[in-house]
Amino acid sequence: MDQILVDRLIEDYKKAPKDSDYSELTLLRVFRDGEGSGRQYFVFDLLYVDDVGVVYVLDSRNVILEKFLTSPWIR
């Protein structure tokens, strides 16, 4: 695991919700696309907030393609 990349994603998240009191992330898992696209999915837990996660989708060059919050309560 590339800790520098993980730290960069956490810093990116901290810049996004400037009005949020909840900006601490912990890496849960990394998934790699088995289809050969080179995409990686970084799934973080948002600390102190139940059932909310943050997902970053990166391409093979570690460029952020998408980022979003996820929750089992959102349909």
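Quick caveat, the model's predicted, so the values are computed rather than measured.
The two residues Asp51 and Ser71 come nearest to each other via the heavy atoms O-OG, 3.1 Å. In terms of heavy-atom proximity, Arg32 sits nearest to Val30 at NH1-CG1, 3.1 Å.
Rounding to the nearest 0.5 Å gives a distance of 6.5 Å between CZ of Arg39 and CD of Glu66. Annotation: the span from Leu28 atom CG to Phe44 atom CZ amounts to 9.0 Å, rounded to 0.5 Å. The CG atom of Leu25 sits 6.0 Å away from atom CG of Leu46, with the distance rounded to the nearest 0.5 Å. The CG atom of Asp50 sits 9.0 Å away from atom CG of Asp45, with the distance rounded to the nearest 0.5 Å.
Val52 and Tyr41 are not part of a single hydrophobic cluster, where members link through side-chain heavy atoms under 4.5 Å apart.
Val6 has its side chain within reach of Ile10: a pair of non-hydrogen atoms, C-beta onward, lies under 4.5 Å apart.
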Distance-only donor-acceptor pairs under 3.5 Å for side chains of residues 54-65, two or more places apart:
{"from": "Tyr56", "atom 1": "OH", "to": "Leu9", "atom 2": "O", "distance (Å)": "3.4"}
{"from": "Tyr56", "atom 1": "OH", "to": "Asp12", "atom 2": "OD2", "distance (Å)": "2.6"}
{"from": "Tyr56", "atom 1": "OH", "to": "Tyr13", "atom 2": "N", "distance (Å)": "3.1"}
{"from": "Asp59", "atom 1": "OD1", "to": "Arg61", "atom 2": "N", "distance (Å)": "2.8"}
{"from": "Asp59", "atom 1": "OD1", "to": "Asn62", "atom 2": "N", "distance (Å)": "3.1"}
{"from": "Asp59", "atom 1": "OD1", "to": "Val63", "atom 2": "N", "distance (Å)": "2.9"}
{"from": "Asp59", "atom 1": "OD2", "to": "Arg61", "atom 2": "NH2", "distance (Å)": "3.3"}
{"from": "Asn62", "atom 1": "OD1", "to": "Gln40", "atom 2": "NE2", "distance (Å)": "2.9"}

